[in-house]
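Here is how names work: the chains are called A, B, and so on, in the same order as the sequence lines, proteins then strands, and each is numbered from 1.
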Amino acid sequence: MKKIFNIFLGISTLIFCLSIFNTASALNVVFSEDRPDLRTLDPRITQSRHEEMIIVQMFDQLISADSNGNLYPGLAKSWDVSSDGLHYTFNLRDDVTFHDGTKFDAAAVKATFDSIVDPETGSQGAVDILGPYASSDVVDEYTVRVNFSRRYGSALSAFTETELSIVSPTALDSLGNEGFGMSPVGTGPFMFKNWEANKKVEMVKNPDYNWAPEYMDGSGPSKVDTLTYRLIKDTSTRVAALESGEVDIAELVPPLDMKRFDGSGKLSTIVGTVSGLPYSAFLNTTTGHFQDIKVRQAFFYSLNRVKMTNDLFFGYAEAAFGPISSATPSYWKGNEDYYQYDTAKAESLLEEAGWKMGSSGIREKNGETLSIFFPCLLEPDTCVAIQGYAKKVGFDVNVEVVMKARQDELIFANGYDMLVIRWVSLDPGVLIIPFHSRNIPKPGKFKFNWSRYSTPELDQLLENAESAETQETKDDLYMQIQKTIMDQAIFLAIHDQVQTVAYNPNLEGVRFANGNWQLRMYDVREK
Amino acid sequence: MNFFLKKILIVIPTLYVAWTVVFVTLNIIPGDPVNLMLGGRPASDEVRENVRHNLGLDKPVGERYVSFLINATKGDLGKSYLTRQPVTKMIKDNMMPTIQLSLGGLIFGVFFGVLLGIIAGSRPNSLGDTCAMVVALCGISLPSFWIGMLLIFIFGTTLGWVPIVGEGFVALILPSISVGLFFAGGMARLTRSSLIDVLNQDYIRTARSKGISKYKIIFKHALRNAMIPPVTLLGIQFGLLITGAVITEEVFARPGLGQLLLQAILAKDIPLVQALIVYMTAVYIFLNLVVDFTYGIIDPRIRLERKAI
């Protein structure tokens, strides 16, 4: 008995030690991953939004953007765009050093961008964000000119993206591409310390940091001494660790728990509406019953997206109406006037299209039933809710929960009626990828135009918008694009993507980075 | 010694067959490793081709298979498609947490399982027997994720006795119980039936008639003879544990080989799956040897029989 008591004492002493170290200056954040593990912490290579959550703490970009997308000087004090829109000249800060002591200068910017477009690097995100990049010229030590091969309307917002962070050229040389991804070196407020596979990434504050963008509350080094990102995939464990105080901040908290925390006041919460494509469904225009625009429109009208979103998210997400989320630049308000819930309209459209109500509650035409095959990769709950609404007007929606590999096969084979998607993106320029006809998938060629809609007019609009000269023309072109997509009823927005964060109420300064997906930990401090 | 040498030599054809099956299967099932790696994010053809080239996937299937076999003979099992790290390093990184959890589960399972087994087996059909068997049944039938969540809720969130995702020994307690309970259930049932069997033997009756105390009979005379079947089970179950307890790892946010294998298969990460097969084959062969050794220690007759052959 005495022995048992001793063991118990030993355990409780240990716990006590742990809780002593759990102060605000040591910040513990939990995140989740829907995939194996983090693979790289190299901003030039990553394409994972989970990896970017960590990368963003350690790097700076030429231009910095707040969570509303307003641009501020970052590593560049100012910038000029040539009248033909092909050359961007950046006037760089001269007081910045990388974590390894390397001086930040024009050569570092050139080295970063040149390495992104080098196929050997194997960039998965940055190379696309850099668009029609041609070259960089070192004008003098702290002036760099970035050249594009054609006008690139999204360039300024591209330079704010985490993927285009500036990396230390000396570290790149000494570590190589793979080594750099395992121990990254940037200029950001936190420095990489340690990465335990499948478990956690530890960072320490950069004591020399003195170049925070002006929209931040603080200046100088962060108040957080050590920053640990702990991987917890299981949702209930993530929430339990947060409630027991073992971690200070948790992302992707289920709406029901958010509601509970807001009700009790035990934990603080913030919610970000993520910019980019909302959670949406492509309707296949080349096969099956959705070839008929009236059937597509009827399907849209049959869904009460506002109620559905409320039922599923308890008010923590808004219904979405357009091809890009309301948090994305160039969002067109007119989207919201389309396809509001109206079952009578849905029914009359189906009648017009010749679909008569059958005895089993499913519509029929020429002996065929109105069946829709809906492979569902993301959010099965939402897919099933859609199924329920559509049934009321006579659709027989066949939901099959699929894995990525199965979905890919169906895409190659054009064997689906609907597919869901969601994307984080800072710029409406992303629309060219799911809507340009050159991006229609073929067997063996994976592409993203899953509604397989193809007209030269929409292609032209998308190309023009990409190289728009002024913000006004850009907004106008993206308005026309959104209108076309809505008129044709090829893409059914369902709800905004949200990032739900809960944190220790003794903390303040928890803020989203641009795009409202990643958090910036620089400003976090005790109240 | 010949006996053990034979066991070790059989590894080579076993591995060859296993690798071939893995390679063929993973190439047949749908999905392109490049796509799975990009995880559904938009990427240009350029990016896809770069990734494909970097992974060596632009080479014909036959060539990939042959070059894998050649490299494997040299001891190089290749790099993961997913992380581009050497697969041996990834396995090494994930091995320690798995071994810790397996040992934790083993210690808890054996201790608790044998205890339950003795309680039940020493007085069959008593109240103690029924209670012990109900606990054992729960251990076997309750899903480990549910037990894990329950343990977290009671001891982590409500009582706050142990950290949920902490570090070191304390963080091992709840997961060990969670996997150990399943282990204990099987051990208890097997120990019980084996013990009842042994207790009915003539020599036990003789010992009893000589007036030896009940505890001495059970612990000194019966238990040792009753342990052969449970030790076999121990070997098999430990083998299962040490190749990864996926669900427990997930619930307690622990790294480990179970997660690694599951995700490697889902992502069609052929080099990683193949390397894990090597690891698992090695583990099972090693454990079989250990179990064989243990038989000899528990029951010297087995050792003698082996010599006679």
Any donor and acceptor pair, going by atom type alone, linking the side chain of A:Thr237 with main-chain N or O of B:Val251 inside 3.5 Å?
yes

If one checks every heavy atom of A:Ser236 against chain B at 4.5 Å, the contacting part turns out to be side chain

Engaged part of A:Thr235 at the chain B interface, taking heavy atoms whose separation is under 4.5 Å:
neither

So which heavy atom on A:Ser244 is nearest to which on B:Gly156, and how close?
CB-O, 4.1 Å

When only heavy atoms count and the cut-off is under 4.5 Å, which of residues 94-112 of chain B reach chain A?
B:Asn94

Qualifying residues under side chain to side chain donor-acceptor pair (under 3.5 Å), relative to B:Asp269, sequence neighbours excluded
B:Ser80

Segment of A:Asp408 engaging chain B (4.5 angstrom heavy-atom cut-off):
side chain

Nearest-0.5 Å distance that lies between atom CG in A:Asp234 and atom CZ in B:Phe252
9.5 Å

Rounded to the nearest 0.5 Å, how far does CD1 of B:Ile164 lie from CD of A:Glu246?
5.0 Å

Rounded to the nearest 0.5 Å, what separation is found between the CD atom of A:Glu243 and the OG1 atom of B:Thr158?
9.0 Å

Donor-acceptor contacts, no H, no angles, side chain residues 424-435 of chain A, under 3.5 Å, sequence neighbours left out:
from	atom 1	to	atom 2	distance (Å)
A:Ser425	OG	A:Asp427	N	3.3
A:Ser425	OG	A:Asp427	O	3.1
A:Asp427	OD1	A:Ser157	OG	3.1
A:Asp427	OD1	A:Lys474	NZ	3.2
A:Asp427	OD2	A:Ser154	OG	2.7
A:Asp427	OD2	A:Gly429	N	2.8

Just how far is it from atom CZ of B:Arg254 to atom CD1 of A:Ile232, taken to the nearest 0.5 Å?
12.5 Å

Under 3.5 Å, side chain of A:Arg39 to main-chain N/O of B:Gln85, donor-acceptor pair present?
no

Sorted by chain and number, sequence neighbours left out, salt bridge (charged side-chain N to carboxylate O under 4.0 Å, His left out) with A:Glu466 holds for A:Arg150

Are A:Glu178 and B:Lys79 close enough that some pair of their side-chain heavy atoms sits under 4.5 Å apart?
yes

